[in-house]
A.B. asks: 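If you scroll down you'll find the structure; I have some questions about it.
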Amino acid sequence: MYETTYHRAESVADAATRLAGAEDGKLLAGGQTLLPTMKQRLAAPSDVIDLTHIADLKGIAETGGGVRIGAATTHAEVAGSEIVKRLLPGLAALAGHIGDPHVRHRGTIGGSLANNDPAADYPSAVLALGAVIHTYTRQLPAEEFFAGMFETALDEGEIITAVEFPAATASAYAKYPNPASRYAMAGVFVARLGDGGVRVAVTGAGQDGVFRHEGMEQALAGNFAAEALDGIAVDADEMLSDIHGSAEYRAHLVTVMAKRAVAACG
Amino acid sequence: MADVTMTVNGKTVSKTVEDRTLLVQFLREGAGLTGTHVGCDTSQCGACVVHVDGKAVKSCTMLAAQAAGSEVTTIEGLASGGELHPVQAAFREHHGLQCGFCTPGMIMAAVDMINRLGGPLDEATIRAELEGNICRCTGYHNIVKAIAAASAEMAGVRTAAE
């Protein structure tokens with residue numbers, strides 16, 4: 001790791017000021033991606049601004065029609081939250097299978113979303129549930145937030161403060177993890193919404209990161225059962241292909257994971 | 001440079017270190033506690049697992065400065081008064097270690113999972129909870145047996161004490 005300067009921000013405003021004053025600063029949320037990247041010298045920020053001691057960024061609260069999760073809330077806290085387990089069991093289960101127990105004690109939802117790794121788990125839940133990402137300055141609907149691999153609609157220096165999820169009638173997530181990294185080779189989040197609509201979001205498999213599969217959504221809106229997905233095509237031309245799996249393999253996995261998620265919705 | 005103070009195994013440790021110093025370096029080189037190991041250095045193997053404020057973390061994936069003000073427990077802090085912690089004793093009893101390199105992280109992960117989930121723990125739970133810890137000798141079987149035995153013993157002790 002190259003030299004860097006550590007800052008412990010006391011508030012979101014303090015973090016923004018410190019970031020603006022840094023030559024090439026980076027926000028440090030859970031650090032479970034940033035620190036390994038810095039150790040490999042693939043990132044060399046002049047300053048790292050630690051967000052995890054800011055009280056305003058922590059905690060899980062039930063809102064009128066859903067759940068608000070502070071950006072610095074860890075995966076373990078989301079997985080163990082009684083509120084999340086009751087209102088969005090698929091989201092709790094997703095959080096409980098990110099990485100490993102030690103990673104889940106440090107990694108945060110805000111950090112995961114800001115990084116937008118194409119194989120990260122959270123983006124699928126955020127997109128399928130139609131969550132709203134709150135930042136220091138504005139609110140971004142999930143549809144506008146994700147902008148391709150490792151790209152988001154966040155401006156330079158913009159800090160995520162919370163994510164607000166609407167409650168769903170049913171929700172479930174199924175993923176096929178890479179056996180070594182535990183990142184999704186294909187992960188599918190299925191949500192049945194209060195208006196009767198169904199949303200399906202896929203992570204780990206698409207060339208441009210997380211995406212919704214409208215063919216599956218329409219089929220499931222008509223018949224919410226795993227067999228409704230038989231014959232629904234997943235286009236291999238739009239899938240990732242790498243040493244871990246070909247595009248055709250991932251396209252197949254997407255359907256299998258989608259069926260498992262539907263079955264898990266009960 | 002950063003002035004970093006934390007409590008390690010009940011004792012206050014203060015050092016002036018580079019900001020980029022990892023917690024594991026602080027513990028090994030600063031506090032002289034070499035029981036915590038560096039295995040992969042890529043945040044995967046879990047040989048460096050310690051507890052920070054009661055939670056298992058990979059100390060190679062946390063800056064020492066991030067842990068300033070925290071309570072840290074390492075493998076050296078588990079035994080009390082020369083008597084092994086039940087998980088340590090179970091690893092010896094069930095031959096849960098071979099070369100011993102992964103053992104500190106395995107034991108810290110095991111204590112964390114028993115603290116969180118209670119006991120006795122079944123095999124599937126133990127194996128799932130060990131996803132962040134890699135062993136290249138024993139094939140995990142005896143590690144899992146040791147944790148199962150320790151979790152049952154600790155649950156029994158808790159019941160007896162209640």
Side-chain angles (χ1 to χ4, degrees), chain A residues 1-10 18 22 25-53 72 74-77 79-80 93 96-108 111 177-183, chain B residues 1-4 17-26 36 38 40-70 105-106 108-117 121 125-134:
Chain A
M1 189 186 294
Y2 290 109
E3 279 188 55
T4 191
T5 301
Y6 172 85
H7 305 256
R8 184 174 288 193
E10 291 170 4
R18 288 173 185 266
K26 270 272 190 193
L27 299 169
L28 180 61
Q32 300 303 284
T33 297
L34 179 59
L35 291 172
T37 309
M38 288 170 68
K39 285 162 66 177
Q40 292 176 69
R41 296 187 169 183
L42 296 171
S46 62
D47 300 74
V48 289
I49 295 105
D50 186 353
L51 301 174
T52 61
H53 295 269
T74 65
H75 310 325
E77 288 163 348
H97 289 89
I98 297 172
D100 58 55
H102 324 312
V103 168
R104 294 195 286 273
H105 281 147
R106 296 293 308 162
T108 65
N178 178 306
S181 73
R182 308 292 173 198
Y183 273 100
Chain B
M1 302 293 277
D3 295 320
V4 174
V17 296
E18 287 187 323
D19 290 32
R20 63 179 164 176
T21 304
L22 298 169
L23 176 57
V24 69
Q25 292 172 306
F26 184 92
T36 303
V38 178
C40 66
D41 207 25
T42 54
S43 315
Q44 290 165 316
C45 80
C48 66
V49 169
V50 301
H51 296 182
V52 174
D53 296 325
K55 292 176 180 156
V57 304
K58 290 176 172 171
S59 63
C60 81
T61 312
M62 186 172 185
L63 298 173
Q66 284 178 283
S70 291
M106 287 285 179
M108 297 312 287
V111 172
D112 176 70
M113 80 172 81
I114 295 168
N115 286 345
R116 275 186 291 116
L117 304 173
L121 296 173
T125 302
I126 294 167
R127 287 185 184 274
E129 288 287 326
L130 284 181
E131 278 192 347
N133 296 79
I134 294 173

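Note that the structure is a prediction, hence the values are computed from the model and not measured. Each chain gets a letter, A, B and so on, in the order the sequences are listed, and its residues count up from 1.
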A.B. asks: Measure distances from M113(B) to the heavy atoms of chain A and classify the residue's part below 4.5 Å as side chain, backbone, both or neither.
C.D. replies: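 Interface part for M113(B): neither.
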A.B. asks: Just wondering, do R116(B) and P101(A) contact through their side chains at under 4.5 Å, heavy atoms?
C.D. replies: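 Heavy-atom side-chain distance check passes, below 4.5 Å.
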A.B. asks: Could you pull out the closest heavy-atom pair between G31(A) and T61(B), with the gap in Å?
C.D. replies: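 Scanning both residues, the minimum pair turns out to be O-CG2, 3.7 Å.
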A.B. asks: For H102(A) and D112(B), does a side-chain donor sit closer than 3.5 Å to a side-chain acceptor?
C.D. replies: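 No donor-acceptor contact under 3.5 Å links the two side chains.
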A.B. asks: Against chain B, work out which of T52(A), L28(A), V48(A) has the most heavy-atom pairs shorter than 4.5 Å and name it.
C.D. replies: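 Most heavy-atom pairs under 4.5 Å with chain B: L28(A).
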A.B. asks: With only heavy atoms counted, which part of I134(B) is less than 4.5 Å from chain A, the side chain, the backbone, both or neither?
C.D. replies: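 No part of I134(B) comes within 4.5 Å of chain A.
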A.B. asks: With a 4.5 angstrom heavy-atom cut-off, is it the side chain or the backbone of H53(A) that approaches chain B, or both, or neither?
C.D. replies: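 Answer is side chain: those atoms of H53(A) sit under 4.5 Å from chain B.
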A.B. asks: Please classify the contact between V57(B) and chain A as side chain, backbone, both or neither, with a heavy-atom cut-off of under 4.5 Å.
C.D. replies: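 Looking at V57(B), backbone and side chain both touch chain A.
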A.B. asks: Taking side chain as everything from C-beta outward and backbone as N, CA, C, O, which of these in A65(B) sits under 4.5 Å from a heavy atom of chain A? Side chain, backbone, both or neither.
C.D. replies: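 Both backbone and side chain.
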A.B. asks: Highest number of heavy-atom pairs under 4.5 Å with chain A: which of M108(B), E18(B), E129(B)?
C.D. replies: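 The answer is E129(B).
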A.B. asks: If I compare all heavy atoms of L63(B) with all of Y6(A), which pair ends up nearest, and what's the gap?
C.D. replies: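 Smallest heavy-atom distance, with atoms named: CD1-CD1, 3.9 Å.
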A.B. asks: Between T42(B) and K39(A), which heavy-atom pair has the shortest distance, and what is it?
C.D. replies: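 In terms of heavy atoms, the two residues are closest at N-NZ, 4.5 Å.
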A.B. asks: Counting only non-hydrogen atoms closer than 4.5 Å, does L34(A) touch chain B with its backbone (N, CA, C, O), its side chain (CB onward), both, or neither?
C.D. replies: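 Looking at L34(A), nothing touches chain B.
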A.B. asks: Tell me, out of C60(B), G46(B), A2(B), who's got the most heavy-atom pairs with chain A below 4.5 Å.
C.D. replies: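 Sorted descending by pairs with chain A, the first entry is C60(B).
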A.B. asks: Using modelled atom types only, decide if a donor and an acceptor are shared between the side chain of R20(B) and the backbone of T4(A) within a distance under 3.5 Å.
C.D. replies: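 Not confirmed, R20(B) side chain does not pair with T4(A) backbone.
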A.B. asks: So which of H97(A), Q32(A), R104(A), M38(A) has the biggest tally of heavy-atom pairs under 4.5 Å with chain B?
C.D. replies: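 Highest number of heavy-atom pairs under 4.5 Å: Q32(A).
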A.B. asks: Side chain to side chain contact (heavy atoms under 4.5 Å, CB included) between K58(B) and D100(A): does it pass, once the steps are laid out?
C.D. replies: CA-CA 10 Å; K58(B) 290 176 172 171; D100(A) 58 55; 2.5 Å; yes
A.B. asks: Using side-chain heavy atoms (C-beta onward) and a distance below 4.5 Å, is D50(A) in contact with Q66(B)?
C.D. replies: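 Yes, side chains in contact.
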A.B. asks: For A56(B) and H105(A), work out which heavy atoms get closest and say how close.
C.D. replies: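 For A56(B) versus H105(A), the nearest heavy atoms are O-ND1, 2.8 Å.
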